[in-house]
Amino acid sequence: MGYAEVSVNSPIAQRRTFSYAIPSGLSIEVGQAVWVPFGEKLLQGIVLELTRYPAVEETREVAGIIEPHPILSPSQVLLARWLSEHYLSPLFDAVALMLPPGFERRVVTFICSTHHEYDISSLTQEQRYALELVQRQGKVSLRRLEKALGKKRAQAIVSQLVGRGLAVRSYELEKVKVKPKTVPYLSLAVTADEAQQEAAKLREKRGSKQAALLDFLAQQFKSVPLAEARQRVNCDRAVADALVNKGLVTIEQIEVKREPISYQGITPSYPLTLTAAQESAFKSIQSSLLQVAKGHTSPAVFLLHGVTGSGKTEIYLQALAEAVKLGKRGIVLVPEIALTPQTIERFASRFPHKVAVLHSKLSLGEQFDEWQRIRNGEFDVVIGSRSAIFAPQPDLGLIVIDEEHEWTYKQQDKSPRYHAREVAIKLAELTGVVVILGSATPDVETFYHAQKGDYHLLQLPERVTPGGGFLPQVEVVDLRDELKAGNRSIFSRSLSEAIAEAVVNREQVILFLNRRGGATFVQCRNCGFVLRCRRCEVTLTHHLAEDVLVCHQCNYKMPVPQICPRCLSRRIKFLGIGTQKLEQEASFTFPQANLLRWDSDVTKRRYSHDKILGKFRAHEADILIGTQMIAKGLDLPLVTLVGVVSADTALNLPDFRAGERTFQLLCQVAGRAGRGTLGGQVIIQTYSPEHYAIQAAAKHDYVLFYDREITYRRRLRNPPFTRLASLVYTHPNDGLCQREVERMKRLLLEERDAKGIADLSLIGPAPAFIHRLRGRFRWQLILRGSELSAFLSQIPIPHGWAVDIDPLGLV
Ligand code: ADP
Ligand code: ZN
Ligand code: ZN
């Protein structure tokens, strides 16, 4: 008899598997989904290993098979184990990332007949009734019997029948309900002649929109999608409804085929002739793909470093085509799918009808459909955000991570707190898949590995865009000078002149203000000095309730100073303006300009990203105001001016990555200017013009930035020279919360000393950046060291703790 090690869908299971005996006659494979008894319940599990001997003496039996074919591939099984070990997440949480959407559905119990001989007179009337029903239908759901007999009775009777060997139970997942997609169509309920007569009458009664719609429909010989009719006649739905009420028109829901991408208006595109730099980068990737195809599976990770517009996407496209030629398929990750319609179009036009798009805005049914089609091998390319790295793409040969430095690749809010880049690199190691990491501003850690030779560094130093290959001019404006000159507006003199000029010339402007995290910092308006923790170098945060300044890393506290410690000025200010305030100010300062705001307050609805972008591209607005959303890969040729209203918001976040974050954002935003033939300029406003992140961004010089940054990282022993783990405990009671974190700290230190681990240190406890969230208090510990996962895996970590290995933000 064989045994299976099963990852069970139960919070109790944590990071371990459980041994189950495989009943004879059941053939089970690794990666297969099964039903297993767990306590009183029957739960879903995934077989991770087949063994000859169980890990424990007493085992129960696998109860049944959920799906005939394995769901996880052997390398995904290894990946799931690694995710659980490295990120200290429950094993099933890791496994679940790779299951079809909606897999954790309800189980439906069925009763089947065994067709054994029996003596009718020995059965009660109810037993007979149930058994006959089961025999007639082959199988009957338990729910159906419960409806007929009552819940308690039905369960008792089923147990009796099973006990006598007359029936058996079987289990299935509830079916996924995929709602067919329908679209409303309009058609005339009267003849075309009658419709035209009605239209004439309506015109007399000033119902001209209704008349126009009737006329339009009278000219069609078939029903027309409502959306198309509305567009042609330029009317809203109420006009159609009015005609329906008059009995002149009918609206009918017609089922349409779902396509992940609308190919309307997308024409096929062909590979471009590569520039010399592109060619050399492409050749390296190509030869690596060939090596892998020949079976030399040494993992290959490429860092493709090139400014925006240097032709990275063209390389992705050609590398994917190369992989397809070799019989492989690809996965492309983009930071945020809603923000990259233009990128998706480019992939769709190069691989028509061979591109799947995965994103969370799809309904469960749609996601399920898409997942199945991917698994069936219908697509050459899967595009998606973070979790698409787990798509069941068969014959995976190439993974592309565009804008690899983006923080959205890290899952921060739930376990496993994985980083898609690390997962891709692990996959390279496990399966030999080739990985391309692309960025204009690579993550400092990624660049460090590329310099060390862990990854192959490919560089595209120049732009290939029509603008002549030049990056925009960047001017850094010192806001302290503005104040000295008596300018109290949020717009410096340079910026407001440039805006006014662009608007007059019918060019477009982007104004960028990043207010993410809502961090309030304290700054002297006279000299620009920002109050920081002496020990941690991070900015101090103002706590309103106690009116003190707190360091969120070490809990150092100080009263709010009345005068600036540097210049003794009394002009200490709490800073933090948002995009709404900016919009107000802009409309006041530039009354002749049309404004459009783009931030997460505006874009809660499904397609509003596209709508806002569409409006701006159609030049319905002169100035676009937004948060980092507008910094993403948009190609807006009419934009000649980008204004960074304050470069200091990200700079002053209490985090050692603040400089990196600022540099990345500024470069990205600057990359929005001058994409077209008109050229462009960037104006950065700041109180810290001498800061290396701002200086380097102004020169578009990544290496200048990197050299300074890596020096600081080395000196302060921050990643990549160490690893970090953040442990956050939440509890409704602040005192209890703090005590638990103190207890954990003592435990960790004891354990460290007992094991004699020299390079492990602890910071905190300190209140988390958001100290109170939804009525719960949060305290944080930060660990530094090299083998944190292994160390923490030995520590019992109670419920209420969230562990984040390699956290991105410490705030
Ligand atoms: P990135 O991804 O680095 O921002 P893209 O691949 O989007 O760069 O290239 C920027 C623009 O230049 C796009 O419009 C693209 O079509 C064009 N382009 C890229 N490579 C070439 C090439 N070899 N020849 C001509 N145009 C190119
Ligand atoms: Zn000062
Ligand atoms: Zn501190």
When you measure from the side chain of [X] to the backbone N and O of [Y], does any donor-acceptor pair fall under 3.5 Å?
| X | Y | result |
| --- | --- | --- |
| Gln508 | Ile623 | no |
| Ser492 | Leu495 | yes |
| Ser310 | Val307 | yes |
| Asn505 | Glu507 | no |
| His700 | Pro472 | yes |
| Glu660 | Arg657 | no |
| His305 | Gly438 | no |
| Gln685 | Asp478 | no |
| Tyr702 | Ala697 | no |
| Lys312 | Gly306 | yes |

Margin query: Does Lys699 form a side chain to side chain contact (heavy atoms under 4.5 Å, CB included) with Val474? I'd like the steps, not just the answer.
Written below: CA-CA 7 Å; Lys699 296 194 182 100; Val474 181; over 6 Å; no
Pairwise side-chain contact, [X] with [Y], heavy-atom cut-off 4.5 Å (strictly under):
| X | Y | result |
| --- | --- | --- |
| Glu403 | Leu437 | no |
| Ile383 | Val355 | yes |
| Ile510 | Leu641 | no |
| Leu457 | Phe302 | no |
| Phe705 | Thr441 | no |
| Phe347 | Leu317 | yes |
| Val476 | Ile694 | yes |
| Leu226 | Arg230 | yes |

Check: Any Lys/Arg nitrogen of Arg661 or Asp655 sitting under 4.0 Å from an Asp/Glu carboxylate oxygen of the other?
Finding: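 So Arg661 does not pair with Asp655 through a salt bridge.
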Note to self: What I want to find out is whether Asp622 reaches Arg506 closely enough, with some N-O distance under 4.0 Å, to be called a salt bridge.
What the structure shows: yes
Looking at every non-hydrogen atom in both residues, tell me the closest pair between [X] and [Y] and how far apart they are.
| X | Y | answer |
| --- | --- | --- |
| Ala240 | Leu213 | CA-CD2, 3.8 Å |
| Ala420 | Leu333 | CB-CD1, 3.7 Å |
| Pro689 | Gln695 | O-NE2, 2.7 Å |
| Phe351 | Leu320 | CZ-CB, 3.7 Å |
| Glu404 | Pro442 | OE2-CA, 3.2 Å |
| Ile572 | Ser569 | CG1-O, 4.4 Å |

Counting only heavy atoms from other residues, nucleotides and ligands, does the tally under 6.0 Å from [atom1] of [X] exceed 12?
| X | atom1 | result |
| --- | --- | --- |
| Glu690 | CD | yes |
| Gln473 | CD | no |
| Arg571 | CZ | yes |

Notebook entry, point to check: Does the pair Ile315 and Leu458 meet the rule for a side chain to side chain contact (heavy atoms under 4.5 Å, CB included), with working shown?
Noted result: CA-CA 11 Å; Ile315 293 182; Leu458 306 173; over 6 Å; no
Checklist line | Residues Arg350, Glu314; criterion salt bridge (Lys or Arg N to Asp or Glu O under 4.0 Å); working and verdict | finding: CA-CA 10 Å; Arg350 194 65 62 89; Glu314 184 60 32; 3.0 Å; yes
Check: Under 6.0 Å between the ring centres of Tyr687 and Phe529?
Finding: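 For Tyr687 and Phe529, the ring centres are not under 6.0 Å apart.
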To the nearest 0.5 Å, what is the distance between [atom1] on [X] and [atom2] on [Y]?
| X | Y | atom1 | atom2 | answer |
| --- | --- | --- | --- | --- |
| Tyr692 | Thr662 | OH | OG1 | 8.5 Å |
| Leu358 | Ile389 | CG | CD1 | 11.5 Å |
| Glu336 | Thr408 | CD | OG1 | 6.0 Å |
| Glu583 | Leu513 | CD | CG | 12.0 Å |
| Asp648 | Ile684 | CG | CD1 | 10.5 Å |
| Leu398 | Ile331 | CG | CD1 | 9.5 Å |

Check: Yes or no on side chain to side chain contact (heavy atoms under 4.5 Å, CB included) for Asp241 and Leu243, after CA distance, side-chain angles and deciding distance?
Finding: CA-CA 5 Å; Asp241 287 339; Leu243 292 176; over 6 Å; no
Checklist line | side chain to side chain donor-acceptor pair (under 3.5 Å) pairs, two or more places apart, involving residues 493-503 | finding: Glu475-Ser494, Glu482-Arg493
Next item on the list: Check step by step if side chain to side chain contact (heavy atoms under 4.5 Å, CB included) holds for Ile499 and Leu511.
Entry: CA-CA 9 Å; Ile499 294 173; Leu511 291 180; 3.9 Å; yes
Note to self: Between Arg421 and Asp443, is the salt bridge (Lys or Arg N to Asp or Glu O under 4.0 Å) condition met? List the steps.
What the structure shows: CA-CA 11 Å; Arg421 187 208 307 127; Asp443 189 289; 3.3 Å; yes
Next item on the list: Tell me yes or no: between the side chains of Gln664 and Gln668, is some donor less than 3.5 Å from an acceptor?
Entry: no
Give the table of side-chain donor-acceptor pairs shorter than 3.5 Å for residues 214-225, with sequence neighbours excluded, one pair per line with atom names and distance.
from	atom 1	to	atom 2	distance (Å)
Asp215	OD2	Arg203	NH1	3.2
Asp215	OD2	Arg203	NH2	2.8
Gln220	NE2	Phe216	O	3.3

Check: Is the Phe590 ring parallel, tilted or perpendicular to the Phe491 ring (thresholds 30°, 60°)?
Finding: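 The rings of Phe590 and Phe491 stand perpendicular, inter-plane angle above 60°.
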